[in-house]
Chemist: 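Pasting in a structure now, in structure tokens, and then I'll have a few things to ask.
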Amino acid sequence: MKLKPLPKSWFAGDAVALAPKLLGKIVKRGACVGRIVETEAYTTDAASHGAKVTARSAPMRETYGHWYVYFTYGMHWCANVTTNEGGTGAVLIRAVEPLEGLALMKRRRKTDVVQNLANGPAKFCQAFGITGKDNAAALGGDFAIYDAPELAPEEIGTSSRIGITVGTELPWRFFVKGNEFVSG
DNA sequence: TACTGGATTCACT
DNA sequence: GTGAATCCAGTAA
């Protein structure tokens, strides 16, 4: 697979605009490679860490093209890519289709079911070995996002999670229809 | 210093 | 469909 890293400037725009564009892109960390199939944009809305100026959310405000990894529910890590040069924004990677490094992912996730390896934000982090040590790291090197053909519009739909998990109807949730690795 | 709640997941019924 | 697991950041005092 010929991979070309997305330049930092690619992430300078608004999170809401970049979330759908990230679909189909390739994320690689060490031996693990996957295709992003579900993303979620966070800016300064009430549900976002970016709504308040705190030490934790500093990467959302002060960086773009970096990883923002946070710990939640006492046991899970979630990975975002920071966006919006000069502003506040990040795109949460909610689900990934495993492509390479499946053996390692299966070992980390303690399951042989491929569909369950990375079909959730915390599952993705566990499968790829992402923890707080990756927080605020710049994209690139061993942990980067690579360019890939954009998904066709008919492959992108509105997530069934709307109104179920979060209780809000944010217009920027997406996932890929007709894909066996899709979450929800 | 102590308390509260969370961008989740999974086992169990 | 329901509830437990689990710990850190944020907030109040």
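Labels below follow one simple rule: chain letters A, B, ... track the order of the sequence lines, proteins then strands, and each chain is numbered from 1.
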Chemist: Would you check if A:Tyr70 stacks with the base of B:dA7, given a 5.5 Å centroid limit and a 30° plane limit, both strict?
Modeler: no

Chemist: Should A:Val114 and A:Val27 be regarded as members of a common hydrophobic cluster, given that ILVMFWY residues are connected when their side-chain heavy atoms come within less than 4.5 Å of each other, either directly or indirectly?
Modeler: yes

Chemist: Using whole Å, report how far CD of A:Gln126 lies from P of B:dA7.
Modeler: 19 Å

Chemist: Starting from P on B:dG5, measure out to NE2 on A:His49 and report it in whole angstrom.
Modeler: 16 Å

Chemist: Given pairs defined as Watson-Crick or G-U wobble with both distances under 3.5 Å, what dot-bracket annotation applies to DNA chain B, with ( ) intrastrand, [ ] crossing, | other strand and . unpaired?
Modeler: ||||||.|||||.

Chemist: Does A:Arg109 place a side-chain N or O at less than 4.0 Å from the phosphate oxygens OP1/OP2 of B:dT9?
Modeler: no

Chemist: When clusters are formed by joining ILVMFWY residues with side-chain heavy atoms under 4.5 Å apart, either directly or through shared neighbours, do A:Val96 and A:Leu102 land in the same one?
Modeler: yes

Chemist: Please lay out, stage by stage, how A:Thr82 and A:Thr63 fare under the test side-chain hydrogen bond (donor to acceptor under 3.5 Å, both in side chains).
Modeler: CA-CA 6 Å; A:Thr82 62; A:Thr63 72; 2.9 Å; yes

Chemist: Got a sec? Which of residues 71-84 of chain A come in under 4.0 Å of DNA chain C, heavy atoms?
Modeler: A:Phe71, A:Tyr73, A:Gly74, A:Met75

Chemist: Rounded to whole angstrom units, what separation is found between the CZ atom of A:Arg108 and the P atom of B:dT9?
Modeler: 17 Å

Chemist: Of the non-hydrogen atoms in A:Leu92 and A:Pro121, which two are nearest, and what is the gap between them?
Modeler: CD1-CB, 4.3 Å

Chemist: First locate atom OG1 of A:Thr111, then atom NZ of A:Lys106, and finally report the distance between them rounded to the nearest 0.5 Å.
Modeler: 8.5 Å

Chemist: Would you check if A:Met105 and A:Cys32 make a side-chain contact, meaning some heavy-atom pair closer than 4.5 Å?
Modeler: yes

Chemist: Can we call the ring centroids of A:His49 and A:Tyr70 under 6.0 Å apart?
Modeler: yes

Chemist: With the criterion being N/O to N/O and under 3.5 Å, what pairs connect the protein with nucleotides 11-13 of chain B, and how long is each?
Modeler:
none

Chemist: Enter the distance from A:Leu3:CG to A:Lys28:NZ here, rounded to the nearest 0.5 Å.
Modeler: 7.5 Å

Chemist: Mind checking which nucleotides bracket the chain A contacts on DNA chain C, 5' to 3', with an atom under 4.0 Å from a heavy atom?
Modeler: C:dA5 to C:dT11

Chemist: Give every donor-acceptor pair under 3.5 Å between a side-chain atom in residues 123-145 of chain A and any protein atom, sequence neighbours left out.
Modeler:
| residue | atom | partner | partner atom | Å |
| --- | --- | --- | --- | --- |
| A:Lys123 | NZ | A:Asn119 | OD1 | 3.1 |
| A:Gln126 | OE1 | A:Arg109 | NH1 | 2.8 |
| A:Gln126 | NE2 | A:Arg108 | O | 3.2 |
| A:Thr131 | OG1 | A:Lys133 | N | 3.3 |
| A:Asp134 | OD1 | A:Arg29 | NH2 | 2.8 |
| A:Asp134 | OD2 | A:Arg29 | NH2 | 3.3 |
| A:Asp134 | OD2 | A:Thr131 | N | 3.0 |
| A:Asn135 | OD1 | A:Val69 | N | 2.9 |
| A:Asp142 | OD1 | A:Gly30 | N | 3.3 |

Chemist: Sequence neighbours left out, cut at 3.5 Å: what donor-acceptor pairs do the side chains of residues 10-26 of chain A make with other protein atoms?
Modeler:
| residue | atom | partner | partner atom | Å |
| --- | --- | --- | --- | --- |
| A:Asp14 | OD2 | A:Val16 | N | 2.9 |
| A:Lys25 | NZ | A:Lys21 | O | 3.3 |
| A:Lys25 | NZ | A:Ala148 | O | 3.2 |

Chemist: Taking it one step at a time, do A:Tyr68 and A:Ser57 satisfy side-chain contact (heavy atoms from CB on, under 4.5 Å)?
Modeler: CA-CA 8 Å; A:Tyr68 168 45; A:Ser57 63; 4.2 Å; yes

Chemist: What is the distance, to the nearest angstrom, from the CG atom on A:Leu117 to the P atom on B:dT9?
Modeler: 13 Å

Chemist: Once you round it to whole Å, what is the distance between C1' of B:dA7 and NZ of A:Lys52?
Modeler: 14 Å

Chemist: Is a side-chain N or O of A:Arg94 found less than 3.5 angstrom from the main chain of A:Ile36, in a donor-acceptor match?
Modeler: no

